Amino acid sequence: MKGKASAPAKIILFGEHFVVYGNPAILASINRRISVSAKKGKKGKVTIKSDIASGEFEGSTFKLIEGVNARNALDPLYFAAKQALDARKQKTGLEITIKSDIPYGVGLGSSAAALVATIAAVESLLGRPDKKKICEGAIEAERIIHKNSSGADCFVSTFGGLIHYSRGGGLKKVDSKTKLPLVIGDTGIKHNTGELVSSVRKLKEANQMVFAGLMSQAKDICNQALVALGSGNIGQLGVLMNESQLLLNRLGVSHEKADDLIDVAKSSGALGAKMTGAGGGGAIIALAASKEDSERIASDIKAEGFAAFEVEIDPIGLVIG
Ligand code: PMV
C-alpha cells in the first residue's frame with residue numbers, strides 16, 4: 001500500500017514580499033511538479049529520500065543518508081509527516097520518496113510543493129486527505145523555514161491555476177482572457193527566503209513612510225494587472241511586470257544576475273520581465289507576445305549560459321493518487 005501525490009511549482013507574477021504584509025499577489029502554478037510516494041515503514045522511523053537530501057528521523061535523532069544541509073531541508077517535511085501520524089495516534093514508521101523536476105531554492109516554490117505533496121501522500125496512505133487541511137498543514141510546516149510565510153506558495157500549489165491571494169482575503173481564481181507565454185530564466189543562485197524576508201522587514205522598520213508608499217504602488221500594480229488579465233491586455237501586463245521589478249529593486253531584493261537576465265529577455269522581445277519569488281538571485285519570469293517569441297527568449301537566455309525554459313500555467317494543483 002502506497003500513498004501518492006504530486007504538486008506543482010509556482011511563479012509570482014505580482015506582489016512578492018508585499019504579500020507578507022497583507023497586500024494582494026497574483027500567482028500561478030506551473031507545469032513542473034514534485035511527486036511523492038509514502039509507504040509504512042519500521043515503527044517510529046521516518047525515512048525521507050529526495051534528489052537533494054536524504055535522512056532518517058527517529059524521535060529527536062536524525063541520521064544523514066545523503067546531502068548537504070540535509071537536516072534543514074528535511075526538518076519541515078518530517079514535521080509535516082509527524083503531524084499527520086500524531087493526529088491519528090499512529091505509531092507506524094514511514095518511508096517517503098520525493099522526485100522533483102522543479103529547480104530548488106530559486107523562488108519556484110519547490111519547498112511548498114514538496115510539503116503539499118508529502119502531506120497529501122501521507123494523508124492518503126493513512127486516511128482521507130482533505131485539500132484545505134493539507135494546505136494548512138503545509139503552511140504550518142513552511143513557517144519552520146521562514147516564520148513570516150504569507151502562505152501564498154502553499155495555496156497556489158494546492159489549488160492550482162492563476163490566483164489572486166492575500167493573507168486576509170485568501171485565494172480567488174483569476175480568469176485570464178489571454179494565453180500567457182512565459183519563460184523562466186534561472187540565475188542558478190540559490191536564495192534563502194527567510195533572510196530576504198527579514199531584510200525587507202528591516203527596511204520597513206527603518207523607513208515606514210517609504211515602505212508604505214511602495215506597498216501602495218505594489219497594490220495598485222496588482223489591481224491594474226487584474227484588469228489587464230480580465231481584458232486580455234497582454235502588453236499592459238508586460239508593462240506592469242516591469243514596474244513591479246522597479247519596486248522590487250527598491251526593496252533591494254533583486255540581484256545583478258537577475259537584472260542581467262531581465263535585460264536579456266527584454267532585448268529579446270519580452271513584453272515585460274521581473275524576478276519571481278524572494279529574489280537574491282533565483283529565477284526571473286519573462287512574458288512573451290507569442291510562442292515564437294517565448295522560444296526565442298528562452299534560447300537567448302540559454303545563449304548567455306543560464307538555464308531557461310518555457311512554462312505553462314497548470315490549472316490543476318495538487319493531484320492525489
Ligand atoms: O522564493 P519563494 O518561493 O520562497 O517565495 C517567497 C515569496 C515571498 O513573498 C518573498 C514570501 C512569502 O511568504 O510570500
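Source: prediction; values computed, not measured. Counting convention: from 1, in listed order, for ligands and their atoms alike.
Side chains of L13 and L287 form no contact here, defined as non-hydrogen atoms less than 4.5 Å apart. Contact check for K133 versus R128: no side-chain heavy atoms found under the 4.5 Å cut-off. For the pair L261/D259, no side-chain contact is recorded, criterion being any heavy-atom separation below 4.5 Å from C-beta on. Residues I313 and I11 have side chains not in contact (no heavy-atom distance under 4.5 Å, counting atoms from C-beta outward). Side-chain contact between F57 and K45 is absent, with no heavy atoms from C-beta onward closer than 4.5 Å.
Annotation: cation-pi pair R32/F309 present, NZ/CZ under 6.0 Å from the ring centroid and within 45° of its normal. Geometrically, K190 engages Y104 in a cation-pi contact, judged by NZ or CZ lying under 6.0 Å from the ring centre and within 45° of the ring axis.
Given atom 3 (O) of ligand 1, the protein heavy atom at minimum distance is K10 NZ, 2.7 Å. Regarding atom 9 (O) of ligand 1, its nearest protein heavy-atom neighbour is H17 N, 2.9 Å.
With a 4.0 Å heavy-atom cut-off, ligand 1 is reached by the side chain of I12 but not by its N, CA, C or O. The backbone and the side chain of S150 each have at least one atom closer than 4.0 Å to an atom of ligand 1 (non-hydrogen atoms only).
Put simply, the side chain of K274 gets close to the backbone of I12: a donor and an acceptor are under 3.5 Å apart. A donor-acceptor pair is defined here as one N or O able to donate and one able to accept, closer than 3.5 Å; such a pair exists between the side chain of N192 and the backbone of E195.
Those atoms of ligand 1 that come under 4.0 Å of a heavy atom in G107, given as number and element, are 1 (O), 2 (P), 3 (O). Each of the atoms 2 (P), 3 (O), 5 (O) of ligand 1 lies under 4.0 Å from some heavy atom of D153. Close contacts of ligand 1 with H146, meaning ligand atoms under 4.0 Å from a residue heavy atom, involve 11 (C), 12 (C), 13 (O). Residue contact check: G109 has heavy atoms under 4.0 Å from atoms 3 (O) of ligand 1. Of all the atoms in ligand 1, the ones that sit under 4.0 Å from a non-hydrogen atom of G277 are 1 (O), 5 (O). Short contacts between ligand 1 and S149, defined as distances under 4.0 Å to a heavy atom of the residue, involve ligand atoms 13 (O). Those atoms of ligand 1 that come under 4.0 Å of a heavy atom in V19, given as number and element, are 9 (O), 14 (O).
Residue contacts with ligand 1 include H191, since one or more of its heavy atoms lies under 4.0 Å from the ligand. Contact analysis leaves A152 out of contact with ligand 1, as no non-hydrogen atom separation drops below 4.0 angstrom.
Between Y78 and F62, the gap from one ring centroid to the other reaches at least 6.0 Å.
Geometrically, ligand 1 and A278 share a nitrogen or oxygen pair separated by less than 3.5 Å. Of the N or O atoms in T193, one or more lie within a sub-3.5 Å distance of an N or O in ligand 1. Not one N or O of E16 is nearer than 3.5 Å to an N or O of ligand 1, by distance alone.
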